[in-house]
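Encoded as structure tokens, the structure appears first; notes follow it.
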Amino acid sequence: MAPVLAFDVYGTLVDPSGMVDHLRHFTGDDADAISALWRQKQVEYAFRRGLMRQYADFGTCTRQALEFAFRSKGHTLDTWTGDALLQAYQSLPAFSDAVHALAALKPHYRLFAFSNGTPDAVERVLRNAGVRDHLEGVVSVHELGTFKPDPAVYSHAREATAAGSDPLWLVSGNPWDVIGARSAGLGAAWVQRDPATVFDPWDIEPSLTVQNLEELAEKLPRDANHT
């Protein structure tokens with residue numbers, strides 16, 4: 001069987017900052033700051049729930065993070081606005097390199113989405129972004145009731161993709177996800193879209209660092225069998 005690539009979804013295949021225009025309608029000049037804080041708290045809430053063993057699905061983390069971001073900038077999030085923004089969140093745009101890169105990788109690898117999101121939510125996001133048809137399947141942490149970077153979810157990815165003894169790589173734009181995968185024994189490619197982003201100095205390095213997914217498609221074939 002071919003090596004398996006497990007792609008993180010939010011921040012790797014689809015762009016959470018695509019919500020800025022939607023936010024601007026409700027929050028004006030605060031939209032950029034609220035978007036960044038929303039994403040930051042979304043991830044933080046998932047971490048905290050995992051550590052506390054108080055699981056609530058990623059949609060709950062996302063809604064609560066949105067409310068926090070609104071309040072932090074002096075805005076009130078009413079039910080209608082929250083529902084409208086979360087509906088729009090299901091149509092996050094794919095990064096411009098995603099479709100082309102997945103098409104280039106598909107003949108050589110088995111491609112999966114691997115996400116903190118619930119299966120239904122991830123399926124909708126990927127289909128709305130136009131990338132689902134390039135992927136063999138979706139792997140979600142939801143079945144385990146915890147979140148990345150819990151080592152259990154990376155083991156779950158190996159089982160869910162039927163990778164067996166074949167190489168399994170995570171592909172992610174999130175350094176904490178790459179560190180989690182490497183710590184669990186997977187290969188991991190970090191997609192460093194912003195040159196100013198610093199990788200956490202934990203003495204755990206990515207197997208491969210690329211600037212975008214098209215570069216991944218060019219560089220990965222000669223590295224895929226090594227972690």
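Numbers for residues simply follow the sequence, beginning at 1. Atoms considered below: every heavy atom in the structure, side chains included; atoms not considered: hydrogens, waters and symmetry mates.
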Less than 4.5 Å apart, side chain to side chain, heavy atoms only: is that true for L126 and F7?
no
Would you say S72's side chain and F68's backbone share a donor-acceptor pair under 3.5 angstrom?
yes
Tell me, please, which residues at least two apart from D32 pass salt bridge (Lys or Arg N to Asp or Glu O under 4.0 Å).
R24
Name all residues meeting the side-chain hydrogen bond (donor to acceptor under 3.5 Å, both in side chains) criterion together with S115; count only those two or more places apart in sequence or in a different chain, and write none if there are none.
none
Main-chain N/O of T62 paired with W38 side-chain donor or acceptor, under 3.5 Å:
yes
Taking only residues two or more places apart in sequence, or in another chain, which ones meet Y10 in a ring pair (Phe, Tyr, Trp, His ring centres under 6.0 Å)?
F58, Y89
Out of curiosity, R182 CZ to D177 CG, how far, rounded to the nearest 0.5 Å?
13.0 Å
Show your reasoning for whether side chain to side chain contact (heavy atoms under 4.5 Å, CB included) applies to K148 and D8.
CA-CA 10 Å; K148 302 175 186 179; D8 173 62; 3.2 Å; yes
For D83, side-chain hydrogen bond (donor to acceptor under 3.5 Å, both in side chains) partners two or more places apart
R63
Going only through I, L, V, M, F, W and Y residues with side-chain contacts under 4.5 Å, is there a path from L23 to L86?
yes
Per the salt bridge (Lys or Arg N to Asp or Glu O under 4.0 Å) rule, what does the pair list look like for residues 126-143, sequence neighbours excluded?
R110-E136, E123-R127, E123-R132, R127-D133
Give the minimum heavy-atom separation between K219 and L208, together with the two atoms involved.
CB-CD2, 4.3 Å
Which heavy atom in S172 sits nearest to a heavy atom in N174, and how many Å separate them?
OG-N, 3.0 Å
All side-chain contact (heavy atoms from CB on, under 4.5 Å) counterparts of A152, not counting sequence neighbours
L144, D150
Give the cluster check for W169 versus V210: same hydrophobic cluster or not, with ILVMFWY residues linked at side-chain heavy-atom distances below 4.5 Å.
yes
Holding to ring pair (Phe, Tyr, Trp, His ring centres under 6.0 Å), I want the full list of residues that pass it with F114, two or more places apart in sequence or in another chain.
Y154
Quick one: do the Q192 and T197 side chains pair a donor with an acceptor below 3.5 Å?
no
Flag side-chain contact, heavy atom, 4.5 Å: L51 against R48
no
Can you name the nearest heavy-atom pair linking E214 to A101, along with the distance?
N-CB, 3.9 Å
Any chance you could measure H108, atom NE2, to L220, atom CG, to the nearest 0.5 Å?
10.5 Å
State, with a plain yes or no, whether a side-chain heavy atom of V99 is found less than 4.5 Å away from one of H134.
yes
Roughly how far apart are E205 CD and D203 CG, rounded to 0.5 Å?
7.5 Å
Close side-chain approach of L216 and V191, heavy atoms under 4.5 Å:
no
Could you grab the distance from atom SG of C61 to atom CD of E44, nearest 0.5 Å is fine?
10.5 Å
How close do D166 and R158 get, heavy atom to heavy atom, and via which atoms?
O-NH1, 3.2 Å
Scanning both residues in full, the closest heavy-atom pair of L213 with A98 reads CD1-CA, 3.8 Å
To the nearest 0.5 Å, how far apart are CD in E159 and CG in L168?
11.5 Å
Are L170 and I179 joined in one hydrophobic group, where the rule is that I, L, V, M, F, W and Y side chains link up if heavy atoms are under 4.5 Å apart?
no
Hey, what else clusters with W176 if you join Ile, Leu, Val, Met, Phe, Trp, Tyr whenever side-chain heavy atoms sit under 4.5 Å?
V43, F47
Within a 6.0 Å radius of atom CG on D200, are there more than 12 heavy atoms belonging to other residues, nucleotides or ligands?
yes
Mind listing the closest non-hydrogen atom pair of N128 and S91 along with its distance?
ND2-OG, 3.5 Å
Could you tell me how the ring of Y55 sits relative to the ring of F147: parallel (under 30°), tilted (30 to 60°) or perpendicular (over 60°)?
tilted
For S17, enumerate each residue passing the side-chain contact (heavy atoms from CB on, under 4.5 Å) test, keeping only those at least two apart in sequence or located in another chain.
D15
Say whether L5 and V9 are linked into one hydrophobic cluster, either directly or through other cluster members, by side-chain heavy-atom distances under 4.5 angstrom.
yes
Ring pair (Phe, Tyr, Trp, His ring centres under 6.0 Å) partners of H22, counting only residues at least two apart:
none
Determine whether M19 and F26 fall in the same hydrophobic cluster, where Ile, Leu, Val, Met, Phe, Trp and Tyr are linked whenever their side-chain heavy atoms lie under 4.5 Å apart.
yes
In Å and rounded to the nearest 0.5 Å, what is the CZ to OG1 distance from R53 to T146?
8.5 Å
Residues two or more places apart in sequence or in another chain: which of them pass salt bridge (Lys or Arg N to Asp or Glu O under 4.0 Å) with D97?
R193
Taking the side chain as every heavy atom from C-beta outward, state whether V171 and L13 have any atom pair closer than 4.5 Å.
no
Is there a side-chain contact between Q64 and E67 in this structure, where contact means two heavy atoms from C-beta onward sitting under 4.5 Å apart?
no
List the residues meeting side-chain hydrogen bond (donor to acceptor under 3.5 Å, both in side chains) with S140, not counting sequence neighbours, and say none if there are none.
none
